[in-house]
Amino acid sequence: MARFYDEPSRTFGEYLLVPGYSSSECTPDKVSLKTPLVKFKKGEVSPINLNIPMISAIMQSVSDDRLAIALAKEGGMSFIFGSQSVESQAEMVRKVKSYKKGYIVSDSNLKPSSTLQDVLDLKEKTGHSTMAVTEDGTAFGRLLGIVASRDYRINHTPYDAKVETFMTPLDKLVTASEDTTLSQANDIIWANKINTLPLVDKKGNLKFLVFRKDYDSHKENVNELLDKHKAYMVGAGINTRDFETRVPALVEAGADCLCIDSSEGYSDWQKNTIKFIRDKYGDRVKVGAGNVVSGEGFRFLAECGADFVKVGIGGGSICITRETKGIGRGQATAVIEVAKARDEYYKETGIYVPICSDGGIVHDYHVTLALAMGADFVMLGRYFSRFDESPTQIVKINGQYMKEYWGEGSARARNWQRYDLGGKKGLSFEEGVDSYVPYAGKLKDGVAVTIAKVKSTMCNCGALTIPELQQKANLTIVSSTSIVEGGAHDVIRKGSNVN
């Protein structure tokens, strides 16, 4: 007979935190959200720590190089989606790793014969307003000039005007040789009061761009997630099919951490993938695994050598795995059970394997609940897909600005490797949907609000760190009636339509 769990499987929305004693020393500005990303031994520290407990989902509609840079600036880490060619994914990783170093390979390039319309189209595609004009229109062609927003005026400059007629030409640019150090480049930028410094080789070919804003950015983003070389940190998703090709390419590109992207991680497929990485790289290459929703699943992956374990099946806003296959578990229940297994494993072995809550986050306070229940950090898809920096387009639906958001198991993504059970290649049925989410502006602004809420709630619980929150938190199950009570009720809100 099948095994039955005594307790129902619950979601975050069924819980509340009961406030604890808060001393006068417990204020949001003193809260640290630093948390381990990968495993470590008792008495040691994790080789990689996040400065905020947030990572972005391994999804086409969420995590590319642009979002990875934006999230690293705030102290979190993106895992660049793996449902693309090995070469394309590795290039995205390289762009993130080179960005913080200040030497940017130009990804917005024009020919002198390009038009203003081409400029505007490229700006919409890349989000960059500064573009290199090279002889052949490539990132490493002979530099002829630069186009920035100051070089043209919309509705004044004709859309068919050639770039060569309004660009800032080479003879009016300040340039430097390709072997210029970053410190020297910053000195040149400040001395000449310029925003962009092109670095060229002896033949005049463009090699890199150095921006004033990158220097300013470091002063503004005190939580930046940086490696020992002061480059932004970035993760990358892998699958259990082409890992022998994909992993070496991502390691060479500089990925700081890998994660097996799978809807169900309690399998030999993940065991074999982790074994390949351990045999080839030892512990040097960090790799997370998942997803699981039970203590047994956690222990299996921990014993396989996973550096962190992802928790959650069917809880994502675009995931229909529970509907189509009838497997999964309420996210809160899954996190609680896996956290207990994580703590038991730590007591037995002295090895702490962090867990990531993936899915089920609807409101900002759910992040705090996940942490209180034992998660070390959370993975977010819908949350990050709403921001400017995600890869999708802004569209207007019924008068409201939205962004496209689709699941990896949807027909649009066709990421069959994520749902691979060793059979025929391809999706037999969908486990994700294609949708829209309300546009929410810049990532920096959205994350700042979420983090402020998390810190404030932690102070209500008398906690200044995530481990302290987990020790002090008191959780209560809420009834359907008290959920109604928790929102605005029995009033007519201003701005409401009154008939």
Side-chain angles (χ1 to χ4, degrees), residues 12 17 26 28-57 68 71-79 221-227 232-235 256-259 286-291 298 302 306-312 331 334-336 338-343 345-346 351-361 364-380 383-384 447-448 450-459 461-473:
F12 293 132
L17 282 157
C26 198
D29 61 302
K30 295 178 182 177
V31 172
S32 169
L33 293 178
K34 193 168 185 177
T35 190
L37 177 71
V38 297
K39 68 183 178 184
F40 58 94
K41 293 180 180 178
K42 187 175 182 178
E44 299 179 356
V45 296
S46 175
I48 304 176
N49 289 284
L50 301 170
N51 291 328
I52 61 171
M54 302 168 76
I55 63 175
S56 69
L71 183 52
K73 287 180 179 179
E74 303 310 311
M77 183 184 287
S78 280
F79 281 78
N221 302 300
V222 295
N223 281 328
E224 288 179 318
L225 190 64
L226 306 174
D227 65 18
Y232 284 135
M233 300 190 77
V234 62
D256 296 284
C257 188
L258 306 176
C259 183
K286 308 302 180 184
V287 58
N291 286 17
F298 167 84
D307 286 292
F308 68 84
V309 173
K310 217 146 56 76
V311 182
Q331 190 65 13
V335 169
I336 291 167
V338 173
K340 288 179 181 177
R342 185 265 323 275
D343 293 345
Y345 187 79
Y346 179 55
I351 300 173
Y352 187 91
V353 181
I355 63 172
C356 168
S357 177
D358 175 19
I361 302 293
D364 286 344
Y365 81 90
H366 288 172
V367 174
T368 319
L369 284 174
L371 297 174
M373 290 172 180
D376 295 280
F377 50 96
V378 298
M379 175 173 273
L380 302 161
Y383 177 91
F384 286 118
V447 168
T450 301
I451 293 302
K453 290 179 183 179
V454 172
K455 288 184 175 182
S456 179
T457 305
M458 286 175 63
C459 287
C461 297
L464 292 176
T465 65
I466 293 172
E468 192 175 8
L469 173 67
Q470 292 165 350
Q471 293 169 5
K472 293 184 175 181

Do [X] side-chain atoms and [Y] backbone N/O form a donor-acceptor pair below 3.5 Å?
| X | Y | value |
| --- | --- | --- |
| Gln470 | Ala375 | yes |
| Thr465 | Glu468 | yes |
| Arg342 | Gly374 | yes |
| Ser357 | Val378 | no |
| Asn291 | Gly312 | yes |
| Asn221 | Glu74 | no |
| Glu224 | Ala72 | no |

If I compare all heavy atoms of [X] with all of [Y], which pair ends up nearest, and what's the gap?
| X | Y | result |
| --- | --- | --- |
| Met54 | Thr450 | CE-CG2, 4.4 Å |
| Lys472 | Gly462 | NZ-O, 2.9 Å |
| Phe12 | Ala370 | CZ-CB, 3.7 Å |
| Ser78 | Ser56 | OG-OG, 2.8 Å |
| Leu469 | Ala372 | CD2-N, 3.9 Å |
| Val454 | Leu371 | CG1-CD1, 4.3 Å |

Distance in Å, [X] [atom1] paired with [Y] [atom2], rounded so as to fall on 0.5 Å steps:
| X | Y | atom1 | atom2 | answer |
| --- | --- | --- | --- | --- |
| Cys26 | Leu464 | SG | CG | 4.0 Å |
| Ile361 | Tyr383 | CD1 | OH | 10.5 Å |
| Ile55 | Leu225 | CD1 | CG | 11.5 Å |
| Ile466 | Leu50 | CD1 | CG | 9.0 Å |
| Leu37 | Asn49 | CG | CG | 8.0 Å |
| Asn223 | Leu33 | CG | CG | 8.5 Å |

Do [X] and [Y] have side chains that get closer than 4.5 Å, going by heavy atoms?
| X | Y | answer |
| --- | --- | --- |
| Met379 | Cys356 | yes |
| Pro354 | Thr35 | no |
| Val353 | Phe298 | yes |
| Val45 | Phe40 | no |
| Tyr346 | Ile351 | no |

Aromatic ring pairing Phe308/Phe377, orientation class (parallel under 30°, perpendicular over 60°, tilted between): perpendicular

Qualifying residues under salt bridge (Lys or Arg N to Asp or Glu O under 4.0 Å), relative to Lys453, sequence neighbours excluded: Asp364

Residues forming a salt bridge (Lys or Arg N to Asp or Glu O under 4.0 Å) with Asp343, sequence neighbours excluded: none

Lys30, NZ atom: more than 12 neighbouring heavy atoms under 6.0 Å: yes

Pair Asn51-Val222, side-chain contact (heavy atoms from CB on, under 4.5 Å): steps then yes or no: CA-CA 10 Å; Asn51 291 328; Val222 295; over 6 Å; no

Steps toward side-chain contact (heavy atoms from CB on, under 4.5 Å) verdict (Val38, Cys257): CA-CA 9 Å; Val38 297; Cys257 188; 4.1 Å; yes

